[in-house]
Amino acid sequence: MEASKDSKAGRDFHKLMNNYEANNPVVLAYKAVSEAIMAKHVWNPYMKMKHLQRSSEIFETAVQLDAASPEIRFLRFTVEHYVPRYLNMSKNLESDKAAIIAGLERHPKSGLSTDMARDIRTFMLSKDHCTEQEKQRLKRIPI
């Protein structure tokens with residue numbers, strides 16, 4: 001996502017998402033992502049924490065509205081994965097990972113497009129996101 005790498009794009013994305021007031025759970029998850037991206041682009045440590053806490057609150061709302069959505073759970077997993085562990089803000093990694101894998105196994109009935117399902121699976125198979133057993137499970141999913 002360009003917004004995570006480019007400060008201006010990140011600020012533009014945040015400004016756009018900050019105006020969203022409805023309760024579509026997937027859109028709320030992207031709003032939460034925009035808060036996390038802002039945490040990356042601000043220099044003030046207090047503001048970084050404020051954006052991360054706001055992101056966490058919005059993700060909680062999105063997950064409460066649609067806990068089975070693999071897209072929402074993937075977005076939160078991705079943010080929490082990259083938040084430094086010492087901040088103790090990555091408490092949902094295991095439950096999100098389980099929901100993501102279950103959602104991929106339900107594909108095409110998961111609500112994910114085939115391209116998105118493939119991208120999520122590729123991400124989950126990379127680096128240290130999953131155990132070897134989970135990776136084997138992911139590899140068996142016909143996407």
Side-chain angles (χ1 to χ4, degrees), residues 1-131 133-135 137-139 141-143:
M1 175 181 262
E2 183 182 344
S4 67
K5 295 178 178 120
D6 177 79
S7 180
K8 182 181 178 337
R11 290 178 198 286
D12 290 347
F13 179 53
H14 181 260
K15 187 175 180 181
L16 175 72
M17 295 310 297
N18 201 39
N19 292 327
Y20 182 75
E21 296 294 332
N23 278 331
N24 178 298
V26 173
V27 178
L28 283 174
Y30 282 96
K31 183 175 181 174
V33 168
S34 79
E35 289 291 337
I37 287 171
M38 282 305 296
K40 180 178 179 181
H41 292 305
V42 297
W43 64 268
N44 181 316
Y46 172 77
M47 292 306 294
K48 284 183 182 291
M49 285 303 296
K50 191 171 179 182
H51 283 295
L52 286 174
Q53 288 167 340
R54 182 78 181 118
S55 175
S56 181
E57 291 166 6
I58 297 169
F59 269 128
E60 280 304 311
T61 301
V63 170
Q64 286 173 2
L65 291 169
D66 189 355
S69 168
E71 184 172 3
I72 293 169
R73 301 300 281 268
F74 174 71
L75 291 169
R76 184 170 68 174
F77 177 88
T78 305
V79 168
E80 287 191 3
H81 179 79
Y82 289 107
V83 169
R85 297 293 179 264
Y86 64 83
L87 293 177
N88 203 25
M89 297 182 83
S90 301
K91 63 187 184 302
N92 300 295
L93 289 171
E94 291 303 315
S95 63
D96 286 347
K97 184 173 22 171
I100 292 163
I101 294 170
L104 290 173
E105 288 174 335
R106 285 193 319 272
H107 183 73
K109 296 177 181 167
S110 63
L112 294 172
S113 70
T114 299
D115 286 343
M116 181 173 276
R118 283 185 185 131
D119 289 346
I120 290 172
R121 181 175 63 180
T122 298
F123 178 86
M124 297 304 289
L125 287 170
S126 69
K127 302 185 184 173
D128 61 346
H129 299 127
C130 292
T131 65
Q133 183 179 4
E134 291 164 336
K135 287 181 179 183
R137 206 169 139 198
L138 284 165
K139 289 175 184 174
I141 300 171
I143 300 174

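At a threshold of 4.5 Å between non-hydrogen side-chain atoms, the residues I37 and R11 do not count as touching. Contact annotation: the side chain of R106 approaches that of P70 to within less than 4.5 Å [non-hydrogen atoms, C-beta and beyond].
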Please walk me through it: do R137 and E105 pass side-chain contact (heavy atoms from CB on, under 4.5 Å)?
-> CA-CA 9 Å; R137 206 169 139 198; E105 288 174 335; 2.7 Å; yes
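Between F123 and H129, the ring planes are parallel. Angles under 30° get that label, and only those over 60° would be called perpendicular.
The OG atom of S90 sits 5.0 Å away from the CD atom of E80 when rounded to the nearest 0.5 Å. Summarising the geometry, atom CD1 belonging to I101 is positioned 11.0 Å from atom CG belonging to D96; distances are rounded to the nearest 0.5 Å. Taking NZ of K31 as the reference point, atom CG of L75 lies at 15.0 Å (rounded to 0.5 Å). Rounding to the nearest 0.5 Å places CG of L28 at 5.5 Å from CG of N23. Distance check, rounded to the nearest 0.5 Å: CG of L104 to CG of L138 gives 6.5 Å. Put simply, NZ on K8 and CG on D12 are 3.5 Å apart, with the number rounded to the nearest 0.5 Å.
Pairs passing the side chain to side chain donor-acceptor pair (under 3.5 Å) check and including a residue from residues 113-122, sequence neighbours excluded, read H107-T114.
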Donor-acceptor pairs under 3.5 Å, side chain of residues 45-53 to any protein atom, not counting sequence neighbours: which ones?
residue	atom	partner	partner atom	Å
K48	NZ	A39	O	2.9
K48	NZ	V42	O	2.7
H51	ND1	E35	OE1	2.7

Taking distance alone, no hydrogens or angles, what donor-acceptor pairs closer than 3.5 Å link side-chain atoms of residues 55-63 to residues at least two apart or in another chain?
residue	atom	partner	partner atom	Å
S55	OG	A32	O	2.8
E60	OE2	R76	NH1	2.9
T61	OG1	E57	O	3.3

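Using a distance-only test at 3.5 Å, with no hydrogens or angles considered, no donor-acceptor pair links the side chain of R73 to the main chain of K97. E71 places no side-chain N or O within donor-acceptor distance of the main-chain N or O of V26, the cut-off being under 3.5 Å.
When all heavy atoms of S34 and M17 are compared, the closest pair comes out as OG-CB, 3.5 Å. Residues L93 and R85 come closest through the heavy atom pair CD1-NH2, 3.7 Å. Heavy atoms only, all atoms of each residue included: M116 and L112 are closest at SD-CD2, 3.5 Å.
Around CG of N88, the count of heavy atoms belonging to other residues, nucleotides or ligands within 6.0 Å does not exceed 12.
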